[in-house]
Amino acid sequence: MNKLTQLLAVSAVLASSAAMAAGFADLDTDKNGTLSVAEASVVAALAEQFEALDLDKDGQLTEAEFANFAE
């Protein structure tokens with residue numbers, strides 16, 4: 001990988017991480033600190049991964065569970 005490609009890859013990771021941090025708060029429309037299936041359904045990839053991400057199987061994603069989301 002050349003230096004420009006490496007720089008672009010690192011930039012993409014950092015931008016993705018920042019978007020993920022803001023994304024949870026934006027998706028949590030009722031501001032209860034968790035994401036419901038309905039709230040997660042706004043992002044197709046998140047909806048597809050919801051069941052696997054919901055580690056405690058309570059039908060809600062915590063911010064910690066959401067952190068495992070890979071777009």
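Note that these values count all heavy atoms, side chains included, but never hydrogens, waters or copies made by symmetry. No experiment lies behind these values; they were computed from the predicted model shown.
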Please tell me if the side chains of [X] and [Y] come closer than 4.5 Å, counting only heavy atoms from C-beta onward.
X: Phe66; Y: Leu46; result: yes
X: Asp54; Y: Thr62; result: no
X: Leu35; Y: Glu63; result: no
X: Phe50; Y: Val37; result: yes

**Prompt:** Can you get from Leu55 to Leu61 by hopping between Ile, Leu, Val, Met, Phe, Trp and Tyr side chains that sit under 4.5 Å apart?
**Reply:**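 Cluster IDs for Leu55 and Leu61 differ.
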**Prompt:** Which heavy atom in Ala47 sits nearest to a heavy atom in Ser41, and how many Å separate them?
**Reply:**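 Minimum heavy-atom separation between Ala47 and Ser41: CB-CA, 3.9 Å.
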**Request:** Kindly write out the residues that satisfy side chain to side chain contact (heavy atoms under 4.5 Å, CB included) with Thr29, not counting sequence neighbours, or none if the list is empty.
**Result:**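 By the side chain to side chain contact (heavy atoms under 4.5 Å, CB included) rule, Thr29 matches Glu39.
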**Request:** Only counting residues at least two apart or in another chain, list the ones meeting side chain to side chain contact (heavy atoms under 4.5 Å, CB included) with Asn32.
**Result:**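 With neighbours one apart ignored, the set is Asp28, Asp30, Thr34, Gln60.
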